[in-house]
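Quick notes on the structure that follows.
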Amino acid sequence: MSKSVHMENHVLAMISDRTNTNPILSRDIERRLSISGVIVRDIVHRARTEQNIPICAEAKGYFMPGNMSEARRTIDSLRSRAKQNREAADGIEKYYNEDKQMRLI
């Protein structure tokens, strides 16, 4: 087993037994495993997108939802952030499109 798969398994195990009433903060995972928040977020992202693991996250930390209602808050939050990021990208692009000399390539 590669070191990255081993680390991924540890992160997922730390989240798997957590509920919305006892989530785990990213900084606690980082501290316990001596890894960065970027690595934690990357592992969570891959678990969600490649393995369809419904890891939820709120300000209190990561947890596994007990039902769709709990998962819905994270789904809505992710979609809202994606929309905001799209709008920000559109705004930057619009700035350059309005100035003919500074068009994006």
Evaluate the side-chain proximity of Leu25 to Lys60: yes if any heavy-atom separation is below 4.5 Å, no if none is. no
What's the separation between atom CE in Met14 and atom CG in Asn9, rounded to the nearest 0.5 Å? 13.0 Å
Let me check something: any side-chain donor-acceptor pairs from residues 75-85 under 3.5 Å, sequence neighbours excluded? List them with distances.
residue	atom	partner	partner atom	Å
Lys83	NZ	Glu87	OE2	2.8
Asn85	ND2	Arg81	O	3.4

Hey, can you pull the donor-acceptor pairs under 3.5 Å for the side chains in residues 32-49, sequence neighbours left out?
residue	atom	partner	partner atom	Å
Ser36	OG	Val38	N	3.4
Ser36	OG	Ile39	N	3.2
Arg41	NH1	Gly37	O	3.4
Asp42	OD2	Arg46	NH1	2.2
Arg46	NH2	Glu8	OE1	2.9
Arg48	NE	Ile55	O	2.9
Arg48	NH2	Ile55	O	3.0
Thr49	OG1	His45	O	2.9

Testing the basics here: between Pro23 and Gly61, what is the closest heavy-atom pair and its distance to 0.1 Å? CB-C, 3.8 Å
Separation of Ile24 CD1 from Ile29 CD1 (nearest 0.5 Å): 4.5 Å
Which residues satisfy the side-chain hydrogen bond (donor to acceptor under 3.5 Å, both in side chains) test with Ser26, sequence neighbours excluded? Glu30
When every non-hydrogen atom of Glu70 is compared with those of Cys56, the smallest separation belongs to O-SG, 4.0 Å
Taking side-chain hydrogen bond (donor to acceptor under 3.5 Å, both in side chains) as the test, write out the residues that go with Asn52, two or more places apart. none
Taking the side chain as every heavy atom from C-beta outward, state whether Met64 and Asn20 have any atom pair closer than 4.5 Å. no
So which atom in Pro54 and which in Pro65 form the shortest heavy-atom distance, rounded to 0.1 Å? O-CD, 2.8 Å
Arg31: which residues meet the side-chain hydrogen bond (donor to acceptor under 3.5 Å, both in side chains) condition with it, sequence neighbours left out? Asp28
Using salt bridge (Lys or Arg N to Asp or Glu O under 4.0 Å) as the criterion, list what pairs up with Arg73, not counting sequence neighbours. Glu58
For the residue pair Thr21 and Phe63, establish whether any side-chain heavy-atom pair is separated by less than 4.5 Å. no
